[in-house]
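Chain naming here is simple, since letters A, B, ... match the order of the sequence lines and numbering starts at 1 in each.
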There are 2 protein chains.
Amino acid sequence: MLGLLTAGPASGYDLLKVFEISLNHVWPATQSQVYAELNRLAGAGLVKAAAEGPRGRKEYAITETGIAELRHWLTEVEPQRTHRFEALLRVFFLSELEPEQARTYLERQATAAEEDHAGLLELRESVSQGDDPLSLYGNIALEWGLRFTAMQREWADWAAERVASLNGLPAHPTAAAPPGGSPPSGAPPADPQADAPPAGRPA
Amino acid sequence: MLGLLTAGPASGYDLLKVFEISLNHVWPATQSQVYAELNRLAGAGLVKAAAEGPRGRKEYAITETGIAELRHWLTEVEPQRTHRFEALLRVFFLSELEPEQARTYLERQATAAEEDHAGLLELRESVSQGDDPLSLYGNIALEWGLRFTAMQREWADWAAERVASLNGLPAHPTAAAPPGGSPPSGAPPADPQADAPPAGRPA
DNA sequence: CAGGACATGTAAGATGTTACATGATTCC
DNA sequence: GGAATCATGTAACATCTTACATGTCCTG
């Protein structure tokens, strides 16, 4: 929220919109949280009420202290390294399902990733045309999303195929590698052992 | 936890070890949580106490109901799509820093990703040699990690270079491929031109 | 004048983390 | 007998989600 307020004063309602529209896939936040946090930040002197508007609207502006805190966070605090990837967690337990169901799961992941990717491509188009050119850092973040979703899709397709081939399931036309086209973001790793021996369970 | 218990009965202590060692980057859990959750699951009939050991050790086994619940989760429940990527969130606000600091941040991300990647490669070696061959799904999950960390590193290198070139900063030698070591999972692509993101995907 | 967008808040409950607290067994 | 490891739990606190609650302003 401090970061968002560096772009200029805003109300909780404004910030909420930003979270919903542009930050939702990176850092979701709820209405409850935003309003409570604004009051907390104001109490801590990191933001201050800047103006009052029509319907009880309260605009907040970041303070010098707030900017210092933001910079401190950006430069001194180590980012959290562990993440929770529910979709990946499930993969560990796919052996509980029939191979066919497992493949279905992986193919669904591939589809979802593809959809996310398409959405981001669209976002890039809509923004680079319009009067709202994304900043350097906005573009860098967008590029991350593009690469991430591409990677997810390639991986899921690869994995679905592996499951199928190790279980004698009929090949799916959809799982085939994209024809001819140069592969996306920086080339997928060449398939490591596409035919590794099946074996016991993970710990 | 239900998934872990399909491999056989285990105590909270056992499960905790698994979380620390092999699940930590995908789904961290604390000691508190594990023990509390085991009791909760036992209360719900999804696991049952199976045996008592030496120092108050209590082994739990998954029940039929638990297996059904696990399968239900795997097949019917939509995985959560939004994630929190703190390291990426920060990118949105890097404009608050001097370009040089922003580049430092991105380079640190690249290094961290490279280290993670190396750790996974090592894990693959140590496991494929040993007497504990990873299962198909263990390998698929590992491959995800390899691809993810490779993608992160490529992106961060690319981004750091972009920041530098748009700000007339001197080029860094560090942005080049790592010395000697064969690059990440299956060869990272030669970096495409620094100003032409490679993210497009075939539909 | 009705409906939708604007606008803010609180309360209850679930989930997660950190720290505290305790004790048994094994190995050297 | 001391240290490490095994082993389980509780309490306090922080965080996050869902639902509830309320009121204003603008547009058609």
Engineer: Would you find a donor on one side and an acceptor on the other, under 3.5 Å apart, between the side chain of B/R153 and the backbone of B/T111?
Structural biologist: no
Engineer: Round to a whole Å and report the spacing from CD of A/E20 to C1' of C/dA5.
Structural biologist: 12 Å
Engineer: In whole angstroms, how far is the P atom of C/dC6 from the CZ atom of A/R55?
Structural biologist: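 Distance check: A/R55 CZ to C/dC6 P gives 8 Å.
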Engineer: Donor-acceptor pair, distance only, cut-off 3.5 Å: does the side chain of A/H117 make one with the backbone of A/T149?
Structural biologist: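 Such a contact is absent between A/H117 side chain and A/T149 backbone.
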Engineer: Rounded to whole Å, please give me the gap between CD in B/E52 and P in C/dG23.
Structural biologist: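 Whole-Å distance recorded here is 18 Å.
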Engineer: Could you list by number each residue of residues 21-42 of chain A showing a heavy-atom separation from DNA chain C of less than 4.0 Å, or answer none if no residue does?
Structural biologist: A/Q31, A/S32, A/Y35, A/N39
Engineer: Kindly say whether A/H25 contributes a backbone atom to a donor-acceptor pair with the side chain of B/R81 at under 3.5 angstrom?
Structural biologist: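 No: the side chain of B/R81 does not pair with the backbone of A/H25.
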Engineer: Does any residue of residues 65-80 of chain A have a heavy atom under 4.0 Å from DNA chain C, and if so, which ones, in number order?
Structural biologist: none
Engineer: With a 4.0 Å cut-off, would you call B/E96 and A/R71 a salt bridge?
Structural biologist: yes
Engineer: Within this structure, what is the OH-to-C1' distance between B/Y60 and D/dG9, rounded to whole angstrom?
Structural biologist: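 Distance check: B/Y60 OH to D/dG9 C1' gives 11 Å.
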Engineer: Donor-acceptor check, side chain of A/D14 to backbone of A/S11, threshold 3.5 angstrom: yes or no?
Structural biologist: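 Side chain of A/D14 to backbone of A/S11, a donor-acceptor pair under 3.5 Å: yes, one is there.
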Engineer: Just verifying a value: how many Å separate A/F92 CZ and B/I140 CD1, rounded to the nearest 0.5 Å?
Structural biologist: 11.0 Å
Engineer: Would you indicate which nucleotide in C/dA7, C/dG9, D/dG9 comes nearest to any side-chain atom of A/D14?
Structural biologist: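 Among C/dA7, C/dG9, D/dG9, the one nearest the side chain of A/D14 is C/dA7.
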Engineer: In terms of side-chain geometry, is the basic nitrogen of A/R40 or A/E37 positioned less than 4.0 Å from the acidic oxygen of its partner?
Structural biologist: yes
Engineer: Does atom CD of A/E20 have more than 12 heavy-atom neighbours from other groups under 6.0 Å away?
Structural biologist: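 Above 12, so yes.
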Engineer: Whole angstrom is fine here: how far is it from CZ in B/R57 over to P in C/dA24?
Structural biologist: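 Checked: the CZ to P distance equals 18 Å.
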Engineer: A/L16 CG to C/dA5 P: how many Å, rounded?
Structural biologist: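 Checked: the CG to P distance equals 15 Å.
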Engineer: Would you kindly compare B/E59 and B/R84 by the position of their nearest DNA chain D nucleotide and give the one closer to the 5′ end?
Structural biologist: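 Taking each residue's closest nucleotide, the earlier one in sequence belongs to B/E59.
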Engineer: If we count only N and O atoms by modelled type, under 3.5 Å, do the side chains of A/Q152 and B/W144 hold a donor and an acceptor together?
Structural biologist: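 Note: A/Q152 and B/W144 side chains meet the donor-acceptor criterion.
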Engineer: Do the side-chain N or O atoms of A/K17 get closer than 4.0 angstrom to the phosphate oxygens (OP1, OP2) of C/dC6?
Structural biologist: yes
Engineer: Write down the distance between OH (A/Y13) and P (C/dG9), rounded to a whole number of angstrom.
Structural biologist: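 My rounded result for the distance is 15 Å.
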